[in-house]
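This structure is a prediction, so every number in the text was calculated from the model and none was measured. Quick note on labels: first sequence line is chain A, next is B, and so on, each numbered from 1.
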2 protein chains.
Amino acid sequence: MAKNNRDIDLDVKKEELEKTAERLFVTYGYDATSMSRLAKELGVAPNTLYWYYASKDELLVGVLNRRLGESIKQLPSLMGTPLKSQMNWALQEFEQSSALVNTVHAKLDQSPVIRQWHDQFHRFIEAAVIHTLKAEGASDKRASMLATVGTFLVEGLLSHPHSSKQQEDILEWFSINALGDLG
Amino acid sequence: MAKNNRDIDLDVKKEELEKTAERLFVTYGYDATSMSRLAKELGVAPNTLYWYYASKDELLVGVLNRRLGESIKQLPSLMGTPLKSQMNWALQEFEQSSALVNTVHAKLDQSPVIRQWHDQFHRFIEAAVIHTLKAEGASDKRASMLATVGTFLVEGLLSHPHSSKQQEDILEWFSINALGDLG
DNA sequence: TAGCACTCTTGAATAGCATTCAAGAGTGGC
DNA sequence: GCCACTCTTGAATGCTATTCAAGAGTGCTA
C-alpha cells in the first residue's frame with residue numbers, strides 16, 4: 001500500500017480492529033483485554049495497534065464512536081416517539097455494552113480523551129432528551145432538569161440490572177411524573 | 001509482637017493503612033495509586049501490605065467499609081428527617097469519595113470481593129431509603145421502586161457533578177413526585 | 001529501471017504493575 | 001533456651017501499556 005490508500009484501506013482496517021476490540025471489551029471487559037490479546041486475535045504484532053491508535057484509551061474512544069454511530073442511525077425513526085419508549089430503546093441498545101459505561105466513568109479523571117468523549121456524549125444525549133421533553137410540553141428549565149434525571153436513570157439501570165418489570169415500573173413512574181405536573 | 005497482639009496492634013495498623021490508602025485513592029484514584037506508592041508513603045516494603053490484605057481489591061473493600069462505618073454513625077440522627085435531606089446528606093458525605101463510586105462499579109465484573117461489597121451496600125442503602133419512604137406514607141411496592149430511583153439519582157449526581165442549584169432542583173422534584181401521588 | 005516517499009509492520013526493549021515465595025527478624029510463653 | 005506466632009523483607013515472576021529504530025511493501029516520478 002502507499003500514498004492514497006489513506007481513504008480506503010485505513011478505514012477498513014480500523015473497522016475490523018474496532019469491531020474485534022468491541023467484542024473483546026464487551027466479553028472480557030476493557031481492563032481485562034490486553035493489547036497483546038487483541039493483537040493476537042487480529043493476527044498482528046501488539047505494537048502494530050499503536051500505528052492506528054495513540055493509546056488504548058483512544059482505541060476505546062474509537063470503539064465507542066463506532067458503536068454510537070450505528071445507534072444514531074436509528075435516531076430519526078425514534079424522534080417522534082414518546083420519552084418512555086426512547087428510554088427503553090436506549091436501554092436495549094446499550095445493554096450489552098453496559099460494562100463499558102462503568103469503564104468510561106471510571107477513567108474520566110485519568111484520561112482526557114475519554115473525558116472529552118464522555119462530556120460530548122452527555123451533551124448530545126441531553127439535547128435529544130430535552131427536545132423530546134419540550135415536544136411533550138415541558139418548559140425549558142424543567143426539560144433540562146428532567147433530561148438529567150432521565151440520563152441518570154438509564155445509566156443506573158445499565159449499571160445495576162433489574163428485572164424487566166422493575167425497569168418498566170421505573171420508566172413508567174418517570175414518564176408520568178416528568179410530564180404530569182406544571183412542567 | 002506476638003501471640004495476642006491480634007486484637008490490639010493489628011487494628012491500629014490496619015486503620016493507619018486504610019486511612020493512608022483512602023487519602024491516596026481519593027487524591028490520585030484507585031488505579032493510579034500503586035501498592036508501591038502506598039507502601040512508600042507508609043514506610044514499609046510493598047509486599048508487607050499483602051500480609052494485611054490478600055489483594056489490592058480487598059484493601060479497597062477495607063477502605064470502603066471504614067469510610068462507610070464512619071458515615072453510618074450519623075445515621076440515627078438522620079433517620080427521622082425527610083427524604084430530601086437524607087439524600088443531600090449522602091451527597092455531601094460521599095462527595096469527596098465520588099471517584100471511588102465509579103471505581104467500584106467498573107470492577108464489579110472482575111472482582112468478586114468488590115461485587116459482594118457493592119451488592120451488600122446497595123441492599124443496606126435501599127432498605128434505609130425504603131424505611132424512610134414508608135414512614136412518609138408510600139406503599140411497599142412503590143417504596144421499593146422509588147428507593148432504586150433515589151439511589152440512581154444520588155449515584156448519578158456523584159458521578160456527574162452539577163451546580164448546587166441543579167442538584168437541589170433534582171432532589172426537590174424527586175421528593176415531591178415520590179410522595180405526591182398515589183404511593 | 002532506479003530511487004524516493006509514504007504507509008504499514010515488527011522484534012526488542014523499557015518501565016511499571018500486582019502478586020508470590022522463601023527467608024528471617026522480633027517477641028511472648030513454656 | 002527453644003518454640004510458636006506475628007510481622008517484614010529482598011528478590012523474583014509474569015503481566016501490562018507503550019516506545020523505538022529498523023525495515024518491508026508499494027505507488028509515483030525521473
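The side chain of B/Lys13 contributes an N or O atom lying less than 4.0 Å from OP1 or OP2 of D/dT8.
Straight-line distance from the CD atom of A/Glu16 to the C1' atom of C/dT9: 14 Å, rounded to whole Å. The distance from atom OH of B/Tyr53 to atom P of C/dA18 is 16 Å, rounded to the nearest whole Å. If you take CH2 of B/Trp51 and P of C/dC21, they are 17 Å apart, rounded to a whole angstrom. In this entry the distance linking CZ of A/Arg37 with C1' of D/dT18 reads 20 Å, nearest Å. In this structure, CG of A/Leu24 is placed 12 Å from P of D/dA17, rounded to the nearest angstrom. For the pair B/Gln110 CD and D/dT16 P, the computed distance is 13 Å after rounding to whole Å. Look at CG on B/Asp11: it is 14 Å from P on D/dT6, rounded to the nearest Å. For the pair B/Leu49 CG and C/dC21 C1', the interatomic distance rounds to 16 Å; values are reported in whole Å.
A salt bridge (Lys or Arg N to Asp or Glu O under 4.0 Å) with A/Arg23 holds for exactly one of A/Glu16, A/Glu18, A/Glu41; it is A/Glu41.
When ring centroids are compared, A/Phe25 and A/Tyr30 come within the 6.0 Å threshold. Taking the ring centroids of B/His105 and A/His105, they lie at or beyond the 6.0 Å cut-off.
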### Task
For side chain to side chain donor-acceptor pair (under 3.5 Å), just list the numbers for A/Thr132 and A/Gln86, CA-CA rounded to whole Å, side-chain angles, deciding distance to a tenth of an Å, and then say yes or no.
CA-CA 9 Å; A/Thr132 297; A/Gln86 290 186 19; 3.0 Å; yes
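Picking from C/dA18, C/dC8, D/dA17 the nucleotide with the shortest atom distance to the side chain of B/Tyr50 gives C/dA18. Checking D/dT18, D/dT9, C/dT19 against every side-chain atom of A/Ser55, the shortest atom distance belongs to D/dT18. Listed candidates were C/dT10, D/dT8, D/dA17. Nearest to the side chain of B/Tyr52 is D/dT8. With distances taken from any side-chain atom of A/Leu10 to the nucleotides C/dA18, D/dA17, C/dC8, the minimum falls on C/dC8.
Comparing B/Ala45 and A/Thr33 by the nucleotide of DNA chain D whose heavy atom lies nearest to each, the residue mapping closer to the 5' end is B/Ala45.
Residue contacts for A/Thr48: at a heavy-atom cut-off of 4.0 Å it reaches a base atom on one of the strands shown.
Cation-pi geometry between A/Lys14 and A/Tyr53 is met: the NZ or CZ atom falls under 6.0 Å from the ring centre, inside 45° of the normal.
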